[in-house]
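Working notes, beginning with the structure itself.
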Protein chains: 2
Amino acid sequence: MVKMTIKDIAKEAGVSTATISRVMNNSGYVSEEIKQQVLEVIRKFNYQPNAIARSLKQEKSRSVGIVLPDMTNPYFMKIARSIQHRCFQQGYHLLFIDTEENPEKEREALEFLTEKRVEALILAGTGENKDQIQAISDSGIHVILADRRFSNLKLDTVTEDNIYASKSAIEYLLEKKHTRIGIINGPKTISTARERRQGAIIGLEEAGITPSNEFMFEGDYTRESGIEGIRYFSQLPDRPTAIFSANNEMTFGLYLGLQELRIPLDSIEVVSFGNLEFSSLFHHKLSVIMQNPQELGETIGDLLIKRLNGDADSVQNIILMPHLVPSK
Amino acid sequence: MVKMTIKDIAKEAGVSTATISRVMNNSGYVSEEIKQQVLEVIRKFNYQPNAIARSLKQEKSRSVGIVLPDMTNPYFMKIARSIQHRCFQQGYHLLFIDTEENPEKEREALEFLTEKRVEALILAGTGENKDQIQAISDSGIHVILADRRFSNLKLDTVTEDNIYASKSAIEYLLEKKHTRIGIINGPKTISTARERRQGAIIGLEEAGITPSNEFMFEGDYTRESGIEGIRYFSQLPDRPTAIFSANNEMTFGLYLGLQELRIPLDSIEVVSFGNLEFSSLFHHKLSVIMQNPQELGETIGDLLIKRLNGDADSVQNIILMPHLVPSK
DNA sequence: TTACGGTATGTAAACGATAACATACTAGAT
DNA sequence: ATCTAGTATGTTATCGTTTACATACCGTAA
């Protein structure tokens with residue numbers, strides 16, 4: 001069974017292709033009589049216009065690329081889901097690519113997407129490929145940076161206030177009388193990690209504590225590097241009594257590491273960025289900085305639709321506020 | 001900055017568009033000299049062929065639809081990631097749609113995807129829209145059912161052995177001397193739920209126990225229905241001492257429910273389908289039936305590529321084996 | 001010499017829509 | 001009667017590729 005084209009339908013209905021097109025798109029003049037007749041034929045043969053041909057003619061792909069570092073991290077997927085919703089409503093589809101935090105894969109992904117002629121690009125980047133991203137934006141494709149930004153690029157961003165949140169995380173731990181606070185951070189190529197570090201440092205300095213390099217562990221936002229982080233801290237002569245962890249995956253690794261090292265899970269007080277699904281079942285000293293990926297996604301979705309509809313407002317930098325949820 | 005077309009490049013290089021096409025696709029005859037010359041121009045202008053035009057001409061969209069019931073469930077996303085990998089390698093892109101277990105959304109999604117002329121469809125369905133799916137398959141689009149199947153449809157399926165796994169879950173609980181085993185299941189519209197129920201019943205009957213309806217709770221695979229399930233069981237006069245839960249989300253809800261009811265989390269022995277990320281940190285009596293979404297995804301990906309490459313082997317029904325991981 | 005197969009390149013017709021333009025009819029205004 | 005604006009429909013170029021076909025050249029075998 002082969003798909004019918006507009007020509008077949010035109011022949012069947014005894015009218016021209018233009019008339020079919022007008023009926024399909026509710027544009028131009030068509031008499032009520034012919035319209036019904038055409039609709040009848042369309043129904044009869046279950047005709048669906050070829051979106052590819054339409055895209056070519058209109059020079060609009062009706063597609064949006066979305067490049068994420070980890071498709072299995074619910075944080076990113078919640079962002080993605082909200083965006084997808086919005087797009088689907090408007091007839092756009094999303095091309096997802098998971099870079100697994102690998103800049104080379106990211107480069108390929110961007111190439112792939114421009115070839116597919118996406119009209120917009122949503123990116124939570126690895127921090128590399130800056131030039132390529134700028135070039136994409138310059139070529140007229142709308143770019144929105146999600147969660148992670150680049151300095152010096154004039155692009156729309158929708159992010160969360162990492163500095164503020166990290167600062168409050170540290171303040172919270174200081175209030176609980178911790179003075180030796182270990183920090184498990186992401187890679188400094190990524191803006192969120194840089195900002196979380198910066199916020200933590202501000203928090204410490206305002207309390208009169210000099211941040212020590214010894215208490216800074218640079219991971220890569222993966223579970224494995226959370227394990228490595230706690231391995232590192234546990235062998236210090238003067239172990240930290242609290243940890244600030246910069247994302248949920250590393251926090252998960254941190255607990256796996258504690259388990260591996262046979263250290264009681266509640267012997268260390270933890271504040272973690274990002275929602276940990278299980279934290280509410282957990283009776284350990286785990287506080288989380290609740291992010292709001294859904295709101296992030298909705299915000300991005302709205303901005304995206306505005307841009308796709310040709311709203312050429314100046315560059316937007318939207319910053320959402322996460323909030324700390326203390327352990328029970 | 002506007003994209004260059006093959007004509008622009010042809011003009012720049014002083015050759016015909018056919019030659020450019022031949023260079024791009026490494027097809028037909030092109031002299032080494034011209035080839036280099038053309039490549040030079042392509043590089044210079046950073047020319048990328050328009051994938052949409054190519055699709056139209058070749059009548060191949062190079063896209064695959066994937067319809068999932070929950071984009072934030074890592075189980076499905078691990079499947080998706082493996083598939084996406086395989087597709088990306090082959091120049092295909094995936095159109096993801098999240099139906100949120102809503103048959104009406106699923107219907108729209110399928111419509112949308114056929115309009116976008118996907119060459120194949122991967123579906124973990126809600127259990128409805130059977131006719132539509134059959135029609136899609138009949139129209140020449142490759143359909144692969146993932147995780148969930150339909151009875152009476154002659155379609156490729158890649159699933160897990162739910163009957164076997166559920167049976168062993170029950171056997172495990174019986175071995176631990178539980179006789180009152182509550183079952184929190186998914187909706188019977190979905191094949192996995194039917195099979196998991198069936199396996200559980202076989203397990204009970206083989207042990208000489210008559211399955212009671214009172215101990216069967218039909219949820220809908222959501223967290224919320226896990227909470228409802230445990231609420232229901234906890235008000236029974238003769239409460240179950242163990243629960244078999246048919247997916248990870250409901251199990252999570254089950255624990256949230258226990259917490260809400262102020263029942264100690266380890267007062268009930270649980271066997272759950274699906275990996276629970278946190279189970280390894282959990283000291284409660286939680287055993288899991290480990291599924292292997294990655295392998296599922298890879299298997300689907302391989303089959304998909306075979307189908308896309310025109311391998312017309314007979315319908316495949318591949319069944320993978322999950323295994324039970326007892327609580328510590 | 002002629003014929004032929006391999007190599008190299010160009011010309012032009014598709015693919016399936018949309019939309020600019022042309023054409024024709026109707027009714028009301030002048 | 002003529003003009004005009006509105007309505008209704010058809011014709012055809014076009015979007016950017018691929019590819020079937022045409023053309024031409026070269027060297028070698030008959």
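Below, read A as the first sequence line, B as the second, and so on, with proteins coming before strands; counting in each chain starts at 1. Bear in mind the structure is a predicted one, so any value in this text is a computation, not a measurement.
- With 3.5 Å as the limit, one finds no donor-acceptor pair spanning the side chains of A:Asp147 and A:Thr159.
- The two residues A:Glu160 and A:Asn292 have their closest heavy-atom pair at OE1-N, 3.3 Å.
- For the pair B:Asn26 CG and D:dT19 P, the interatomic distance rounds to 14 Å; values are reported in whole Å.
- One can place NZ of A:Lys3 at 17 Å from P of C:dC15, the figure rounded to the nearest angstrom.
- Checking the phosphate oxygens (OP1, OP2) of D:dT18, a side-chain nitrogen or oxygen of B:Ser21 falls inside 4.0 Å.
- Side chain to side chain, A:Glu40 and A:Gln36 fail the donor-acceptor criterion of an N or O pair below 3.5 Å.
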Please tabulate, one pair per line, each protein N/O and nucleotide N/O from nucleotides 4-11 of chain C that are separated by under 3.5 Å, including the distance.
from, atom 1, to, atom 2, distance (Å)
C:dT7, OP2, B:Tyr29, OH, 2.7
C:dT9, OP1, B:Ser31, OG, 3.3
C:dT9, OP2, B:Ser31, N, 2.8
C:dT9, OP2, B:Ser31, OG, 3.1
C:dG10, OP2, B:Ser16, N, 2.9
C:dG10, OP2, B:Ser16, OG, 3.1
C:dG10, OP2, B:Thr19, OG1, 2.8
C:dG10, N7, B:Arg22, NH2, 2.8
C:dG10, O6, B:Arg22, NH1, 3.4

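- One side chain, B:Glu106 or B:Asn129, offers a donor N or O that lies under 3.5 Å from an acceptor on the other.
- Here C:dA17 presents its C1' atom at 14 Å from NZ of B:Lys116, a figure rounded to the nearest Å.
- A:Lys105 has no carboxylate O lying under 4.0 Å from a charged side-chain N of A:Glu108, or vice versa, which leaves the two without a salt bridge.
- In this structure, a donor-acceptor pair under 3.5 Å is absent between the side chains of A:Gln294 and A:Ser82.
- A heavy-atom distance below 4.5 Å is found between the side chains of B:His93 and A:Phe112.
- The phosphate of C:dC15 has neither OP1 nor OP2 within less than 4.0 Å of any side-chain N or O from A:Asn50.
- Distance CD1 (A:Ile20) to P (C:dA19): 16 Å, rounded to an integer number of Å.
- Between A:Met24 atom CE and C:dG16 atom P there is a gap of 15 Å when expressed in whole angstrom units.
- Look at B:Glu12 and B:Arg43 and you find no salt bridge, because none of the NZ, NE, NH1 or NH2 atoms lies under 4.0 Å from a carboxylate O.
- For the pair B:Asp8 CG and D:dG16 P, the interatomic distance rounds to 8 Å; values are reported in whole Å.
- Every residue two or more places apart in sequence or in another chain was checked for a side chain to side chain contact (heavy atoms under 4.5 Å, CB included) with B:Lys57, and none qualifies.
- Atoms CD (A:Gln48) and C1' (C:dG16) sit 14 Å apart, rounded to a whole Å.
- Contacts with DNA chain D (heavy atom under 4.0 Å) in residues 53-65 of chain B: B:Ala53, B:Arg54, B:Lys57, B:Gln58, listed by number.
- If you measure from atom NZ of B:Lys7 to atom C1' of D:dC15, you get 9 Å, rounded to the nearest angstrom.
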